[in-house]
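By convention in this document, chain letters (A, B, ...) are assigned in the order of the sequence lines, proteins followed by strands, and residues within each chain are numbered from 1.
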2 protein chains.
Amino acid sequence: MTATPATCDRILDAAERLFAEEGFHATSLRQITQAAEANLAAVNYHFGSKQALILAVFRRRLDALNEARLARLDQALAGSDQPDLEEILEALVVPALALTHGNADDGHRFMRILMRAFADRDDHLHRALSAEYAHVMRRFASAIVIALPGIDELKLRRQLDFIVGALTHTMAESCSKDARAIADDLVQFAAAGLRSSVSVQKPDGASRTLEIHS
Amino acid sequence: MTATPATCDRILDAAERLFAEEGFHATSLRQITQAAEANLAAVNYHFGSKQALILAVFRRRLDALNEARLARLDQALAGSDQPDLEEILEALVVPALALTHGNADDGHRFMRILMRAFADRDDHLHRALSAEYAHVMRRFASAIVIALPGIDELKLRRQLDFIVGALTHTMAESCSKDARAIADDLVQFAAAGLRSSVSVQKPDGASRTLEIHS
DNA sequence: TGTCAATTCAAACGTTCGATTCAAACACCT
DNA sequence: AGGTGTTTGAATCGAACGTTTGAATTGACA
């Protein structure tokens, strides 16, 4: 299918850039193939259809992103019986800015695409995205339950959505040079938010979290 | 311009629904006018162009949303010299779910549109959106600085982006019947995140922040 | 060098798009 | 009723869309 690296990848790169800038439907195959210096028919030859190209652009990075997240999560959990919450959150957040494998704007662009995909009722795309994300989020939820025993799991699901939303929105809006600082701030912000729901839930004196009062 | 309520508003309603479901570019004027039981030419007559219709759909709710936010913010600030952080955050979050003025799905739909608009490099739309949001966010940042004196203002800007991203993402993804619980969780989550950056910044004993109530 | 499969190319297909036109229908005022 | 400005209707425009086709080109192996 995708034997040669040349045309096939040039199309993926051009499509990713244009999709991020203009959107899926607003970008024509003629724009993509022109930017990729490829023939118009090359898209349907290599990918079958425009919809399949969208999915290919999408999977190329998201698969790697979520794989990196889970690998880093395993690493964070391997240390001890009581994993560090901040390390878990870094496993969720930091790989997102490692998307910038070559061009420094790649991560920024892909976050825009990610936000579009979330916003789209594109069905095929939205379905595939939600399914894959659900698996990853379940893993992270389990890890956080270990790090913060007693946390309400329904609330945790929502809070994970908060974190993903904050990460996606902020990285899509901000320039990529701030990505590292954003990630650090988000980890701290999210850790405090998560801990707060535990300390409210378990007001018994032995709470190890949040004992900075007056 | 928009004297009669009938056709003009029917078009706006249909456009909002279709934009949320299909996206701006994927929705044709023919779909909109057919759903609105109006003539194709009515769109260009009433709004001038498709782009202007998008802006009109957008402004109709966003103006009201941000107005409600600022009104509730003023109310939260009027109470005392030391405003309550949770009340400020509620002023940011709660009006978003009050968008559901008639149909319960309206707010959910509009959040999808909002996310699309953020993701779009639509330029006119993105520019107008960012400008209007910047004004509101500046007001909220000032209020939070009063509620949490000593907070780092650059970090606060990022944290406000976290909150807006979490709100938009979560309300767009979840069904609207959970909106109230989501808002409550988000306020608590965000308040803890904001307070954490202050307590880290000012570890001197007299920190008045973070007094775990109840 | 000849062969064959993989890839690229130019050209065209039918469809749908946003926009425009002009006449008919409507509402409102004197 | 007659005149005026506003709104809708049906038809049509050129442009751009995604897709398809079949011939030209390439490159590896015999």
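Using a 4.0 Å cut-off, no side-chain N or O of B/S28 falls inside it from OP1 or OP2 of C/dT16. Distances shown here put a side-chain N or O of A/H46 below 4.0 Å from the OP1 or OP2 atom of C/dT8.
Of all non-hydrogen atoms in B/P149 and B/Q82, the two that sit nearest each other are CD-NE2, 3.9 Å.
When heavy atoms are screened at a 4.0 angstrom cut-off, A/T33 is found touching no nucleic acid atom at all.
Atom CG in B/D9 sits roughly 13 Å away from atom P in D/dT7 (whole-Å rounding). Residue A/L18 contributes atom CG, which lies 12 Å from atom P of D/dG18 at whole-angstrom precision. Residue B/Y45 contributes atom OH, which lies 15 Å from atom C1' of C/dA23 at whole-angstrom precision. B/H25 places its NE2 atom 13 Å from the C1' atom of D/dA16, with the value rounded to the nearest Å. Rounded to an integer number of Å, the gap from CD of B/Q34 to C1' of C/dG18 is 16 Å.
Under the rule for a side chain to side chain donor-acceptor pair (under 3.5 Å), B/N44 has no partner lying at least two apart in sequence or in another chain. In this structure, the side chain to side chain donor-acceptor pair (under 3.5 Å) partners of B/D13, at least two apart in sequence or on a different chain, are B/R60. The side chain to side chain donor-acceptor pair (under 3.5 Å) check on A/R30 picks up nothing, with sequence neighbours excluded. When the side chain to side chain donor-acceptor pair (under 3.5 Å) test is applied to B/D184, the partners found at least two apart in sequence or on another chain are B/R180.
Evaluation of the side-chain hydrogen bond (donor to acceptor under 3.5 Å, both in side chains) test over residues 67-78 of chain A, restricted to residues two or more places apart or in two chains, returns A/N66-A/R69, A/R69-A/Y133, A/D74-A/R139.
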Scan nucleotides 19-29 of chain D against the protein and return all N/O pairs shorter than 3.5 Å with their distances rounded to 0.1 Å.
from	atom 1	to	atom 2	distance (Å)
D/dT19	OP2	A/K50	N	3.0

